[in-house]
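Throughout, protein chains are lettered first and strands after them, A, B, ... in sequence-line order, and every chain is numbered starting at 1.
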Number of protein chains: 2
Amino acid sequence: MNRKRVTLAQVAAEAGVAASTASLVLAGRGSELRLSQALQERVRAAAERLGYRPNAVSVGLRTGSTRTLAFISDSVASSRLAGEMIKGAIDAARARGFLVFVGETGGDVQLERQLLNAMFDRQVDGLVLASMITHRRALPPEATRTPAVLLNLEVDGATDVPRVLPDEYAAGREAVGHLLERGLRDIHLIGAGPTEDDAPPFSLGAQQRLHGILDALRDAGLEPASGSPVIQWLPPEGFRLTSQLLDGGVVPQALICFNDRLAMGAYQALGERGLAVPDDVSVVSFDDVSFAQWLRPGLTTFALPHRAMGKRAVELLIDRVEAAKDDTGAGDAAVAPSLLPMPLRVRASVREVDAAAAVPRV
Amino acid sequence: MNRKRVTLAQVAAEAGVAASTASLVLAGRGSELRLSQALQERVRAAAERLGYRPNAVSVGLRTGSTRTLAFISDSVASSRLAGEMIKGAIDAARARGFLVFVGETGGDVQLERQLLNAMFDRQVDGLVLASMITHRRALPPEATRTPAVLLNLEVDGATDVPRVLPDEYAAGREAVGHLLERGLRDIHLIGAGPTEDDAPPFSLGAQQRLHGILDALRDAGLEPASGSPVIQWLPPEGFRLTSQLLDGGVVPQALICFNDRLAMGAYQALGERGLAVPDDVSVVSFDDVSFAQWLRPGLTTFALPHRAMGKRAVELLIDRVEAAKDDTGAGDAAVAPSLLPMPLRVRASVREVDAAAAVPRV
DNA sequence: CTGTTAGCGCGTTCAT
DNA sequence: ATGAACGCGCTAACAG
């Protein structure tokens, strides 16, 4: 029941020409080759009438290009953000006429190889290798012999493979800037800090957030009022850390939570003690997960631009794929990572004080 | 740099046999056709040595089967649950040697057709058409001429295309059962009700949840203490609805929230009035979104089995694909939908009373 | 037991 | 201006 497809041969027969002729006019090269308008119209009409669509498998075999991409990540299901990354990728691909195979490894190297093989067997034109948590890894050898781009991933040493990453460092700086501008100087860190070394070792993003925060503070002649590193960034930890801080008798002016889940826990701890956000304590955070906007009050947070990252990654990839076609032989020069801005979602968790008290922007 | 692939011809040459012979032994039909063991070994060794992998595009063209599936949904990014559905699907596919093209329409019919075409052009063996919100829709004509299964979607009339859906009705029944067993009889509905007609018209799932709840209540000789239909099931609505209830002077014994977002809003409203969950009011809900476990206390909720649904859908699909190969001609009999159970995640939002006060299970 | 032949559907010379 | 012929890489008839 599947083989109802119309072939080029049928179109040619219908139009009374040879298959090759039909191929030419449908490829738009008819006028270039000075085929009569009448004939061209005849072919086009026949194709239209029959509902002809080229068999992409055949074209792929013939031309070596399948207009198909591989998207392999360690996790597609962990959060909405993962979905956003994929959506950005498949949308951008479709916009340029590509389809994408998506695979998930769960971090299993074995499985990754298996998927890579299965996709390359199907002659994908390029590969985006993605991760849901920004970290550093080695490239699989397959990624070398075909156009590839890394998404939310960094590699060691100089490399010619493009990477796209969120600009965590800048977001860290902006987070303290946002607080300082509003006169908040008693800033406590929840999830990492107080020193450069106090960040989860596996998360590049965490390290850069911290780095940005500390640098911005230092530039203002300040340092964190406290810091509390922790390995898991989940609400219970946020709750515990914030509770400890509060139990120590301090009421912080502002909290920088290293992600929204920690912030959710912080809200809970604050709420249990009758402390109001933002009147008693201000909170800024990172990620902009779904519930950030539903917390009361709405959480001010820096969004991980996952959609944009997915989009950028496949755009870079397709650029490479199409460049590789007209093989210039170049393209193996080291390339810097593309850093995408993390937009600030201003909501209601940071206190708005009068301008007089605020430190002017530097 | 991409064309380093070893072909069957090279393997055959290396082994000193004809290509067709090599093909046969690598397909495992060597012994069946009584080829000498020595020859078979030679071929296998050559393939191994050269790192041969069949070009799946060529195989696809030749055999008509690409071992590739189409997964098209209206949204992949809306929630973690969407990701789970996809993960279930791609995992099940991989386990059976299939890869999947993922596409998203955003509900745009135009785009859906475009994606369908692009995927069928690439000769996918089957289609899963999915939605993130359970509803009823018409089948695109393409879904008729190839194996297809509907995921979280229902169609009008009898049909031979399999559908997989969560068992919302059963979950609705169980929700009231869970409350009744614990002696809770003053049950208020947040998001729908109090009558059968008070449910969002576009959501089949909502209607069935409500139906199950009402039936179970009726079986126990009860009816909802109140109901409050609303179109958007988001935290602000949950907050508003619950606040209204409370402002009316009633302190409900138990709330059935129609989803976790509404429940989050209910928690907030309760919290603002100093009412404790579950000591003052119990809450059950549906979906089991990510934050349900992070609410304090943890939210007892019926999980949408998205992962399992994705898995089941592709398993049914692949069964059909492989059945269609050895064309029995059958398969066009009407088929009932596969209803997957929504497991109850018992957490801490329902009060545990002493058995004496509880209504025994029927 | 093995190799030859044919063709899946298409794009691309190369002679007309 | 047009069509015949070839081949992408593979599988499956059929001969030998």
Is it true that atom NZ of A/Lys87 has more than 12 heavy atoms of other residues, nucleotides or ligands lying nearer than 6.0 Å?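 Counting other residues, nucleotides and ligands, NZ of A/Lys87 exceeds 12 neighbours.
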
Nearest whole Å is fine: how far is [N] [atom2] from [X] [atom1]?
X        : N      : atom1 : atom2 : result
B/Gln123 : C/dC10 : CD    : P     : 9 Å
A/Asn55  : C/dC8  : CG    : C1'   : 9 Å
B/Asp121 : C/dC8  : CG    : C1'   : 16 Å
A/Leu61  : D/dG9  : CG    : C1'   : 6 Å
A/Gln40  : D/dT2  : CD    : P     : 9 Å
A/Arg122 : D/dC10 : CZ    : P     : 14 Å
B/Arg42  : C/dC1  : CZ    : P     : 14 Å
A/Gln10  : C/dC8  : CD    : C1'   : 13 Å

Sequence neighbours left out, what passes side chain to side chain donor-acceptor pair (under 3.5 Å) with A/Asp121? Give chain and number order.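 Here the qualifying residues are B/Arg5, B/Arg53.
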
Any residue meeting side chain to side chain donor-acceptor pair (under 3.5 Å) with B/Arg96, in chain and number order, not counting sequence neighbours: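 With sequence neighbours excluded, B/Arg96 shows a side chain to side chain donor-acceptor pair (under 3.5 Å) to B/Asp319, B/Glu322, given in chain and number order.
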
At under 4.0 Å between heavy atoms, what does B/Val17 touch on the DNA or RNA strands: base, sugar-phosphate, or nothing?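 If one applies the 4.0 Å heavy-atom cut-off, B/Val17 turns out to touch the sugar-phosphate alone, with no base involved.
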
Within the distance-only criterion (no hydrogens, no angle test), does the side chain of A/Asp74 pair as donor or acceptor with the backbone N or O of A/Met132 below 3.5 angstrom?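 Checking the backbone N and O of A/Met132 against the side chain of A/Asp74, a donor-acceptor pair under 3.5 Å is found.
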
Please answer whether the main-chain N or O of A/Glu154 pairs with a side-chain N or O of A/Arg136 as donor and acceptor at a distance below 3.5 Å.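 No, because the side chain of A/Arg136 does not come within donor-acceptor range (under 3.5 Å) of the backbone of A/Glu154.
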
Under-4.0 Å salt bridge between B/Arg320 and B/Glu315: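 Salt bridge: no.
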
Taking five pairs at each end, how big is the angle between the two axes of the helix from C/dC1-D/dG16 to C/dT16-D/dA1, to 10°?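 Overall, the helix from C/dC1-D/dG16 to C/dT16-D/dA1 bends by 60° from one end axis to the other.
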
Might you list the N or O atoms of the protein lying below 3.5 Å from N or O atoms in nucleotides 11-15 of chain C, with each pair's distance?
unit_1, atom_1, unit_2, atom_2, d
C/dG11, OP2, A/Ser23, OG, 3.1
C/dG11, N2, A/Arg62, NH1, 2.7
C/dG11, N3, A/Arg62, NH1, 2.5

Hey, which of these two, B/Ser58 or B/Gly16, hits DNA chain C nearer its 5' end, going by closest nucleotide?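 Taking each residue's closest nucleotide, the earlier one in sequence belongs to B/Gly16.
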
List for me each residue that meets ring pair (Phe, Tyr, Trp, His ring centres under 6.0 Å) alongside B/Tyr52, sequence neighbours excluded, and say none if there are none.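 Listed in chain order: nothing, the list is empty.
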
Tell me, with the steps shown, if B/Phe101 and A/Phe101 meet ring-ring contact (aromatic ring centres under 6.0 Å, His included). CA-CA 5 Å; B/Phe101 285 123; A/Phe101 284 123; 4.0 Å; yes

Set of residues satisfying side chain to side chain contact (heavy atoms under 4.5 Å, CB included) with respect to A/Ala12, sequence neighbours excluded: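 Residues passing side chain to side chain contact (heavy atoms under 4.5 Å, CB included) with A/Ala12: A/Val17, A/Ala19, A/Ala22.
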
